[in-house]
Amino acid sequence: MSTSTHNRVEQIDDKAVAELEAKYDSEMRFRPMANVAATTVTTLLIALSCFHYYTAGFGLLREATHRGVHLAFVLGLIFLVFAFNKKESAQQGASWHHPFGLPLYDWLLAVAAVVSALYIPYVFDDLAFRVGNPDTLDVVMGTTLIVLLLEATRRAMGWPLPLIAIAFSLYALFGPAFPGLLKHAGATWAQLVNHQYLTSQGVYGIAVGVVATYVFHFVLFGVLATRIGLGQLFLDVASAIAGKYAGGPAKVSVFGSAMFGMLSGSSVANAVTVGSLTIPAMIRVGYPRHFAGAVEAAASTGGQITPPIMGAAAFLMIEFLALPYSTIVIAAIAPAFMHFYGVFWQVHFEAKRTGLRGLSAEELPNVRESVARRWPTLIPLVLLVSTLMSGFTPYVSAFAGISSCIIVGLTTSERGNSARGIAVMLGLHVALGVIISGVLEGYGVLLFAASAIALIVLARTLALPARLTRTELIDAFSTGAKYALAVGAAAGTVGLVIGVVTLTGVGFKVSYIVNAAAAAMAEFFMTILPAWLASKQALMLLCALFMTGFVCILMGCGIPTTANYIIMVTVAAPALVQMGVEPIVAHFFVFYYGVLADITPPVALAAYAAAGMANSDPFKTGNTAFRLGLGKALVPFMFVFSPALLIVTKGFTWNAFAIVFAACLLSILLLAAVLSRFLLVEMTRSERLMATAGALLMIAPGWKMLLAGCVLASPALASQIIRFRASRRRSGQPGGNGER
């Protein structure tokens with residue numbers, strides 16, 4: 001919103017937002033530091049960001065070295081940034097056992113983590129000859145890294161993920177003790193360390209590789225894009241689009257979270273950032289506090305599934321599926337739209353049912369003024385998306401986006417854009433384009449250095465103050481690295497889980513168990529359901545989906561989406577693939593249900609963060625957020641049975657896409673009305689039953705089921721139209737309650 005609007009609308013201040021992030025998201029729970037410790041840590045964080053920024057633009061190191069340097073930075077910094085426990089989080093004075101204000105053991109653990117992480121890429125080059133035959137030092141260093149990795153993950157994310165990794169490790173060590181199919185020969189500790197430490201199947205595996213190669217860069221881009229004002233522009237545009245209609249602030253929340261989510265890729269960060277503006281406004285126009293928090297939480301979980309950034313799991317799909325990122329982005333468009341579509345209609349029906357107003361003209365931002373001042377902030381996003389869709393690697397695209405953010409931030413002003421600043425900005429973007437296209441090849445580094453020097457000079461000489469000062473730029477590089485620490489540790493710990501799966505073959509065994517259980521359940525349902533309703537194969541798949549979705553939500557209650565996705569793709573997705581589901585569809589299914597955990601009680605982090613901002617009951621807020629996010633729970637089933645919704649699947653046709661897209665639109669609309677108890681007027685119980693039956697029937701694939709669903713729901717719609725017209729005649733107004 002504009003500055004004037006900021007003064008009129010009650011908001012939650014930045015300090016409160018930071019406190020809520022730290023309270024509900026352990027990844028943001030950084031301990032305070034001062035003096036030398038703060039300077040040292042900040043320098044290391046900036047060095048980590050600069051390392052990834054430079055390698056993204058001018059070439060990655062060899063695989064083991066790149067991953068080793070990344071992991072050494074991440075683990076070493078975690079022991080300095082995250083306290084051992086909450087009691088240790090208070091700032092300490094310097095002493096012999098607290099050098100520079102941090103505990104001595106944390107400095108020692110940080111050094112040990114760095115040494116053990118760099119041992120593989122830098123101590124010896126004969127790794128291929130050491131795999132399978134580790135010496136004593138190899139086992140010691142590997143053990144050190146595994147233990148410190150588990151502790152670093154516990155500090156950054158809590159106990160659930162380390163406990164899962166420990167449980168998998170115990171399974172690998174004590175295989176003969178397990179019953180039935182889960183039984184295996186077992187491994188010694190040296191064999192387990194060899195697999196987890198010396199091969200690319202464990203700690204240094206695909207998860208750490210993706211974070212070091214892709215995820216870190218996009219986290220940094222999101223921080224910089226927000227700092228230069230792109231997030232605020234999105235919120236202003238969302239307010240202009242939806243703010244004036246019935247229940248306006250809630251609709252602003254939906255649109256704003258959709259657009260802001262493209263940058264953040266984090267449910268909690270999205271909820272507290274956008275919610276600081278929208279939740280107080282929702283409460284002010286009359287929404288119950290728990291509903292206001294739930295709207296923001298439900299909308300914010302869409303950030304991880306909204307192209308073009310989507311969060312870390314999307315980049316993992318590139319490696320797991322060996323598909324270009326543009327394919328993943330295209331596949332995500334329709335399902336992401338359906339999520340926000342479902343939340344929007346429930347918000348609308350709630351506003352109409354309770355007669356809530358929109359924002360007045362005085363409360364709305366001046367969108368023309370906002371666009372005039374902030375339009376340059378769109379350039380980094382446009383450049384990022386265009387390079388992604390043009391076939392460049394994601395890290396090169398991220399380099400382009402980050403560089404563009406720096407250029408825009410240092411050469412344009414928040415107060416207004418001078419002709420000189422715009423000309424210089426466009427000139428530097430041309431230079432950036434030359435570097436990215438590789439026209440100058442080896443001279444790209446020199447041009448990059450010259451451009452950086454030019455930016456520093458321009459930041460001092462332009463008449464208007466830049467929208468991003470050098471101090472703020474340095475802080476953004478530091479903050480971006482800090483935000484990426486937890487996901488870096490989680491990736492390493494998930495590597496331990498993947499290592500056990502590849503070492504023991506438990507993934508295939510779990511797939512067999514899931515298929516057998518699904519077959520037994522399908523046999524049971526075949527005896528009680530009419531034969532024409534569904535085939536045995538369809539019932540087996542449906543049962544497998546329910547089991548997989550339940551486990552995804554259960555796992556997501558304790559671990560972040562990225563870790564949940566990796567574990568479920570490794571263990572559960574193969575079972576779906578064996579039933580004939582395309583790999584990309586199976587991956588999207590577990591991904592969506594992992595994200596759903598952020599609004600699923602009892603551990604709904606996004607909902608609890610929003611509840612803290614709304615001062616509402618967390619459990620009630622979580623339940624309402626889950627109801628609002630029903631579209632996200634429904635759509636995965638629809639794209640499994642009708643893969644055309646993902647566009648990029650085999651045998652795709654626009655005719656099939658049109659049918660499933662229409663079925664999604666109608667079924668989500670009907671279920672939103674049922675859950676809100678309102679369509680055109682208050683719904684009766686019989687109308688809700690007919691609408692529910694019609695909506696559920698539309699989930700099944702094919703135009704026949706779509707028509708059958710429409711027929712079942714049509715009496716409810718006809719009844720609504722008749723009663724709506726009657727209420728209009730009684731009120732004597734063109735629209736039922738006079739609201740738009």
Side-chain angles (χ1 to χ4, degrees), residues 9-12 20 24 235 238-239 242-258 260-261 267-268 270-303 339-359 363 596 598-602 604-633 668-669 671-679 681-683 688 737 739-740:
V9 179
E10 174 194 1
Q11 295 178 54
I12 300 172
L20 284 166
Y24 294 102
L235 291 177
S239 299
K244 61 184 177 181
Y245 296 103
K251 293 174 182 176
V252 172
S253 173
V254 176
F255 281 98
S257 295
F260 190 86
S267 300
V268 174
N270 201 350
V272 299
T273 303
V274 180
S276 65
L277 300 172
T278 59
I279 289 176
M282 280 189 271
I283 294 171
R284 194 179 66 254
V285 301
Y287 278 107
R289 289 183 175 273
H290 76 278
F291 191 86
V295 169
E296 184 54 54
S300 295
T301 57
H339 167 69
F340 292 106
Y341 172 81
V343 178
F344 174 86
W345 276 116
Q346 290 197 61
V347 163
H348 175 74
F349 291 143
E350 183 76 15
K352 299 294 286 185
R353 184 175 66 83
T354 55
L356 299 180
R357 69 175 179 87
L359 294 172
E363 294 172 305
L596 195 65
D598 281 343
I599 52 172
T600 305
L605 294 179
Y608 292 170
M613 305 181 80
N615 195 25
S616 61
D617 177 72
F619 196 75
K620 191 175 182 180
T621 303
N623 286 335
T624 306
F626 181 77
R627 187 251 287 182
L628 292 171
L630 182 68
K632 192 183 289 183
I668 291 175
L669 175 64
L671 286 177
V674 169
L675 293 170
S676 304
R677 305 191 309 279
F678 188 95
L679 184 57
V681 292
E682 193 92 20
M683 295 186 78
R688 295 203 302 272
N737 58 6
E739 295 284 348
R740 285 180 287 183

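Keep in mind that this is a model prediction, so the values were computed, not measured. Note that the numbering runs from 1 along the sequence shown for the chain.
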Query - Full working for side chain to side chain contact (heavy atoms under 4.5 Å, CB included) between Lys251 and Ser239 - result: CA-CA 8 Å; Lys251 293 174 182 176; Ser239 299; over 6 Å; no
Requested in this report: Show your reasoning for whether side chain to side chain contact (heavy atoms under 4.5 Å, CB included) applies to Tyr287 and Val347.
Outcome: CA-CA 10 Å; Tyr287 278 107; Val347 163; 3.6 Å; yes
Requested in this report: Mind running side chain to side chain contact (heavy atoms under 4.5 Å, CB included) on Ile668 and Tyr341 for me, showing each step along the way?
Outcome: CA-CA 8 Å; Ile668 291 175; Tyr341 172 81; 3.7 Å; yes
Query raised in the report: Are Leu596 and Thr301 close enough, and set up right, to give a side chain to side chain contact (heavy atoms under 4.5 Å, CB included), and what steps lead you there?
Result: CA-CA 7 Å; Leu596 195 65; Thr301 57; over 6 Å; no
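A distance of 13.5 Å separates CZ of Arg284 from CD1 of Ile279, quoted to the nearest 0.5 Å. Interatomic distance, Thr278 OG1 to Glu296 CD, rounded to the nearest 0.5 Å: 4.0 Å. We find the OG-CD distance between Ser676 and Gln346 to be 4.5 Å, quoted to the nearest 0.5 Å. Atom OG1 of residue Thr621 and atom CD1 of residue Ile599 lie 12.0 Å apart, to the nearest 0.5 angstrom.
His290 places no side-chain N or O within 3.5 Å of a backbone atom of Asn623 that could act as its donor or acceptor partner. A donor-acceptor pair is defined here as one N or O able to donate and one able to accept, closer than 3.5 Å; no such pair exists between the side chain of Ser253 and the backbone of Pro249. Checking side-chain atoms of Ser257 against main-chain N and O of Val254 turns up no donor-acceptor pair under 3.5 Å. A donor-acceptor pair under 3.5 Å links the side-chain atoms of Arg688 to the main chain of Met683, judged by distance alone. Side-chain N or O atoms of Arg289 include none that pairs as donor or acceptor with a backbone N or O of Ser616 at under 3.5 Å. A distance-only check finds no donor-acceptor pair linking the side chain of Arg353 to the backbone of Arg677 [under 3.5 Å].
No side-chain heavy atom of Met282 sits less than 4.5 Å from a side-chain heavy atom of Pro288. For the pair Leu628/Phe291, a side-chain contact is recorded, criterion being any heavy-atom separation below 4.5 Å from C-beta on.
For Phe344 and Phe340, the distance between ring centers is not under 6.0 angstrom.
Contact detail for Gly293 and Ala610: the closest heavy-atom pair is O-CB, 3.1 Å. The two residues Ala625 and Ala294 make their nearest non-hydrogen contact at N-CB, 3.4 Å. In plain terms, the two heavy atoms of Gly622 and Ala607 that are nearest each other are CA-CB, 3.6 Å. Of all heavy-atom pairs between Ile283 and Ala614, the closest is CD1-O, 4.0 Å. Annotation for Val343 and Ala298: closest pair CG2-CB, 4.2 Å, computed over non-hydrogen atoms.
Relative ring orientation between Phe349 and Phe678 is described as tilted, the plane-to-plane angle lying within the 30° to 60° band. Classification of the His348-Trp345 ring pair by plane angle, with boundaries at 30° and 60°, yields perpendicular.
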